[in-house]
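In the text below, chain A, chain B and the rest are named by the order of the sequence lines, each starting its count at 1.
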Amino acid sequence: MSTYAAGLSADIGIALLGGLSVYVILATGQLSLGNAAFMAVGAYLASALTVYAGLPLTAALMLAGLASGFLGVLVGFPALRLRGIYLAMATLGFGEMTRSFFLDFAPAGGAGGFRGMGPVSTAYIWAWSASLLVGVVLLERSRLWLEFRAVNDDERAADLIGLNTTAIKVGAFGLGAAIAGVAGGLFAYHQLYIEPGMFGFDRSIEMVLYVVLGGSTVAVGPLLGATLLVLLPEFLRFLADWRLAAFGALLILVLLFRRQGIIDRGMFRGLSRRKWATP
Amino acid sequence: MRAPDSVLEFRGVVKRFGGISALNEVDFVVPRGQIVGLIGPNGAGKTTAFNLASGAYTTTAGDIIFEGRSTIGLKPYQVARRGIARTFQNIRLFRSMTVWEHLVVSNREKSRIRNILPFGGAGRETCERSRRILDLTGLTAFHDRLPVSLPYGMQRKVEIARALASQPRLLLLDEPVAGMNQDEAGELLELLLRLRREGLTILVIEHDMPFVMNLCDHIYVLDFGLVIAGGRPEEVRRDPVVLSAYLGEDGGCSR
Amino acid sequence: MLLQQLINGLTLGAVYTLIALSFSLVMGILGVLNLAIAELFMLGGYCGLTLIIMGHSVWLAVPAAMAVSGVLAVVVERVAYRPLRDAPMIMPLLSTLAFSIIFQNVAVNVWGSDPLQLPDALADARLSLGTASIGIMQLAVIVVTVLLVVALGVIVQSTKLGRGLRAVAENREVARILGAPASRLTTAAFALSGSLAGAAGVLIGFHYAAITPYVGVDTGLKAIAVMVVGGSTRIWGVLIAGPLIGVAEVLSVVYGGSAIRDMVVYGLMILVLLLRPQGVLGGSSMPEGERV
């Protein structure tokens with residue numbers, strides 16, 4: 001694999017994790033526009049733990065995931081009070097707050113950024129991405145995931161049939177944040193250099209786009225979305241300066257004509273149904 | 001009447017919204033193994049009573065006892081886990097889930113590990129029970145359908161099946177035959193009587209008088225947030241207070 | 001010195017107020033966050049500044065920018081909002097975002113990524129006010145803002161259009177019942193909102209004496225915060241929130257901690273979202289009174 005292809009492939013792996021982090025939270029009906037913040041926390045923490053404390057990268061990534069997940073749970077609790085667009089705006093605010101925190105946080109380099117991370121192989125990145133993807137795909141076949149979907153479909157009915165909606169929604173936030181944390185750590189090592197500007201509103205929106213374009217009802221949706229969006233600029237290279245405009249137009253077309261994303265659950269229904277009914 | 005073994009008991013329950021009293025010192029008892037009807041004109045407070053019993057609303061005053069323990073202060077999901085399941089006046093199903101998935105998610109999985117394992121939520125025992133519920137409710141052939149693709153009467157059955165899947169000891173049904181045709185209502189009557197024979201206690205709100213009269217062992221009549229009468233169906237049917245308040249001149253049996 | 005900073009803060013706050021009003025018109029009436037507003041604002045700025053540089057007056061530049069952004073806002077409404085108005089709110093959010101990507105790309109290609117500067121003669125012209133002085137451009141910002149706010153006030157309070165908008169804002173169900181007139185109201189809300197954003201763009205150009213293709217995102221996000229702090233369902237709260245945040249921002253930059261400023265602005269926004277009862281749809285428990 002050429003360096004160029006390897007680089008793109010690593011980008012896809014990291015983007016996939018970003019998409020999955022939004023996907024898991026969205027599965028319970030909560031839209032987060034601040035997942036770049038969890039990524040930032042994971043990125044800075046994993047980098048600091050390896051560069052300053054000399055921890056092996058894998059251990060650092062696990063800790064970064066845990067810490068981000070914990071932060072996600074903390075964010076998830078106030079998020080319970082908000083729905084829809086109001087939740088989206090609050091998470092947007094949380095994202096901006098986190099970004100400006102790192103901008104002013106001298107130990108992490110502030111606006112100057114943080115470096116010292118060594119290069120990491122594409123295979124290593126994909127080991128993480130693939131395992132987490134498989135993990136989410138398996139989770140999707142669990143009863144717990146049905147609980148997630150129940151909360152998304154009708155939160156009150158879910159509550160009244162005995163599902164602890166608070167735990168489910170907060171848990172989903174924690175899980176999504178943890179995945180974003182790992183994505184951040186890998187991102188830091190892939191880029192070799194991080195600065196707060198990398199974790200702004202644009203990044204959060206990108207993660208949402210992977211999910212919405214690829215498909216928000218199956219975990220392979222974010223995989224497809226991440227792949228397409230990472231490769232799209234390459235395909236649109238011939239448009240030169242008008243690449244982004246073409247991308248925007250494409251985005252509108254997909255939203256207008258394929259609301260559920262390119263892949264949806266219906267395509268997979270046959271697969272999972274039979275398993276449920278005949279254990 | 002106060003049966004020695006009551007499943008649900010309202011004791012002086014008051015519910016106010018702002019200054020308006022929806023329920024005013026309501027007392028009633030649902031004995032174990034019986035089907036009890038809750039009837040009354042629109043706005044009498046029937047659904048409010050259901051919402052209080054299932055924990056969706058908090059009481060203003062009074063106590064609600066389920067199997068000897070108060071449910072005051074419990075969240076809806078905690079009430080549900082104690083053993084009260086309900087259906088809704090306007091059907092509330094999970095739009096993305098098949099009938100079978102409704103049963104799996106409603107069935108409580110005690111093992112946390114099984115809960116997150118792929119297909120772990122549908123162990124043999126669960127599956128057998130779920131199949132039986134499908135069979136009872138006549139939904140076996142539709143187990144892999146999405147509820148939106150089913151006719152209205154069938155959707156009501158899915159709600160009941162979902163409620164049964166949580167293995168309740170008390171089932172609250174809010175207008176279960178609304179929107180059903182005669183045949184479907186007849187089937188439902190059979191089903192509920194069968195569930196009672198198996199020991200399930202049922203509290204039902206219903207406007208269809210012949211249905212209620214055939215189904216219930218005991219009926220309470222609510223009007224303006226008060227229990228104005230209670231008794232066996234034939235007693236309630238003859239009660240002059242009830243006739244004037246609710247049933248109308250012809251006793252509501254003209255259907 | 002302090003007075004000078006207060007004036008700077010007020011002009012920045014005036015711009016925030018206008019963009020926040022622009023967000024608020026669509027948000028309050030339709031419950032949609034139109035992310036394209038950020039770039040309508042930027043495009044308005046380019047149109048206005050281009051005219052100024054060509055030698056035209058403020059009184060032509062601002063209306064022209066308003067017209068351009070207003071028309072573009074209607075395009076956004078027709079293409080990105082209308083077909084998706086019954087879809088989950090994430091859809092119009094992303095489709096309007098798609099427009100902002102397109103708009104930004106167009107601006108970069110037409111005007112380049114370097115800042116478009118206001119002529120020095122204009123940028124440096126000042127009016128002395130005793131110990132402080134006010135730039136002619138700053139004065140223009142405040143005057144134009146006041147005029148626009150008054151005009152919007154008249155439209156919303158005393159015209160048929162305004163009554164319709166207020167009715168829909170109070171009860172979105174009304175919009176469904178009204179049907180066809182509601183569709184006209186939607187277009188009007190987008191057009192008004194877009195033209196306010198366009199005017200704000202020209203004014204931010206005056207404030208910074210320049211405009212870049214990237215001014216939209218940063219200022220736009222902050223304007224969302226201003227809108228929330230001022231009350232996203234009522235339109236007039238931003239008249240206080242805008243200048244307040246503008247002044248707070250300028251002061252915090254001067255007296256240290258420019259990063260703290262964003263923390264405060266967005267922290268305030270989150271706090272308002274969490275504590276303000278309206279807009280916060282449902283709590284952790286079931287809202288009482290709703291039929292289940």
Side-chain angles (χ1 to χ4, degrees), chain A residues 26 29 31 33 77-105 110-111 155-157 159-160 165-166 169 196 200-202 205 208-209 212-213 216 241-256 259, chain C residues 27 31-33 35 79-80 83-84 87-106 108-109 217-218 220-222 224-225 227-228 232 257-271 273-276 279-286 290 292:
Chain A
L26 196 60
L31 173 63
L33 292 184
F77 272 106
L80 290 169
R81 292 178 59 86
L82 303 170
R83 302 262 182 284
I85 196 76
Y86 297 97
L87 174 64
M89 289 194 293
T91 51
L92 182 160
F94 165 72
E96 288 301 295
M97 275 181 85
T98 309
R99 189 178 60 88
S100 53
F101 167 78
F102 281 111
L103 214 49
D104 210 32
F105 188 57
E155 191 174 335
R156 296 208 171 84
D159 196 9
L160 286 161
T165 55
T166 300
K169 290 174 80 175
F201 180 62
D202 294 358
I205 282 284
V208 174
L209 282 180
V212 172
L213 282 189
S216 57
D241 289 346
W242 295 95
R243 220 156 47 161
L244 282 169
F247 168 69
L250 219 57
L251 177 56
I252 292 173
L253 287 177
V254 176
L255 288 172
L256 289 184
R259 272 186 207 186
Chain C
M27 181 77 190
V32 173
L33 196 57
L35 287 176
V79 177
L84 293 170
M89 62 88 197
I90 188 174
M91 298 291 156
L93 189 79
L94 293 178
S95 61
T96 54
L97 173 90
F99 260 107
S100 75
I101 295 173
I102 297 173
F103 289 156
Q104 194 179 66
N105 191 221
V106 168
V108 170
N109 285 334
V217 179
D218 206 29
L221 289 184
K222 206 154 294 158
I224 292 175
M227 168 189 73
V228 170
S232 58
S258 62
I260 299 298
R261 139 202 116 184
D262 283 6
M263 303 274 282
V264 170
V265 171
Y266 292 108
L268 207 59
M269 160 178 165
I270 292 172
L271 216 62
L273 279 172
L274 291 177
L275 300 182
R276 200 171 49 96
V280 180
L281 307 171
S284 54
S285 63
M286 208 149 300
E290 188 201 335
V292 180

Task: Heavy-atom pairs under 4.5 Å with chain C, option from A/Trp242, A/Phe102, A/Phe201 with the top count - done: A/Trp242
Open item on the list: Shorter than 4.5 Å, heavy atoms on both sides: which option in A/Leu251, A/Val254, A/Leu26 has the most such pairs with chain C?
Closed with: A/Leu251
Open item on the list: Please evaluate residues A/Asp241 and C/Val108 with respect to the criterion side-chain contact (heavy atoms from CB on, under 4.5 Å), reporting the C-alpha separation (whole Å), side-chain torsions for both, the decisive distance (0.1 Å), and the verdict.
Closed with: CA-CA 9 Å; A/Asp241 289 346; C/Val108 170; over 6 Å; no
- [ ] Please look at A/Leu250 and chain C and tell me whether the side chain, the backbone, both or neither of the residue comes under 4.5 angstrom of a heavy atom of that chain.
- [x] neither
Open item on the list: Counting only non-hydrogen atoms closer than 4.5 Å, does A/Leu31 touch chain C with its backbone (N, CA, C, O), its side chain (CB onward), both, or neither?
Closed with: side chain
TODO: Would you please name every residue forming a ring-ring contact (aromatic ring centres under 6.0 Å, His included) with A/Phe77, sequence neighbours left out?
DONE: none
Exercise: identify the closest heavy-atom pair between [X] and [Y]:
X	Y	answer
A/Gly248	C/Ala98	O-CB, 3.4 Å
C/Ser95	A/Ile252	O-CG1, 4.0 Å
A/Leu256	C/Pro83	CD2-CB, 3.7 Å
A/Ala245	C/Asn105	N-OD1, 2.8 Å

- [ ] Only counting residues at least two apart or in another chain, list the ones meeting salt bridge (Lys or Arg N to Asp or Glu O under 4.0 Å) with A/Lys169.
- [x] A/Glu155
TODO: I would like to know whether A/Arg81 and C/Leu273 meet side-chain contact (heavy atoms from CB on, under 4.5 Å); could you show each step before the answer?
DONE: CA-CA 9 Å; A/Arg81 292 178 59 86; C/Leu273 279 172; over 6 Å; no
Please state whether the side chain, the backbone, both or neither of [X] comes within less than 4.5 Å of a heavy atom of chain A.
X	result
C/Ala80	neither
C/Leu268	neither
C/Met269	side chain

Please report the interatomic distance [atom1]([X]) to [atom2]([Y]), rounded to the nearest 0.5 Å.
X	Y	atom1	atom2	answer
C/Leu97	A/Ile205	CG	CD1	5.0 Å
A/Met89	C/Leu33	CE	CG	6.0 Å
A/Arg243	C/Asn109	CZ	CG	11.0 Å
A/Arg259	C/Ile90	CZ	CD1	13.0 Å
A/Ile85	C/Leu93	CD1	CG	5.0 Å
C/Met263	A/Asp104	CE	CG	8.0 Å

- [ ] Give the member of C/Thr96, C/Leu35, C/Ile270, C/Val79 that has the highest number of heavy-atom pairs under 4.5 Å with chain A.
- [x] C/Ile270
- [ ] Against chain A, work out which of C/Ile224, C/Leu221, C/Ile101 has the most heavy-atom pairs shorter than 4.5 Å and name it.
- [x] C/Leu221
TODO: Check the pair C/Val265, A/Glu96 against side-chain contact (heavy atoms from CB on, under 4.5 Å), reporting the backbone distance first and the verdict last.
DONE: CA-CA 10 Å; C/Val265 171; A/Glu96 288 301 295; over 6 Å; no
- [ ] Show the numbers, then the answer: is there a side-chain contact (heavy atoms from CB on, under 4.5 Å) between A/Leu244 and C/Gln104?
- [x] CA-CA 9 Å; A/Leu244 282 169; C/Gln104 194 179 66; 5.5 Å; no
Task: Heavy-atom side-chain proximity of A/Leu209 to C/Leu94 below 4.5 angstrom - done: yes
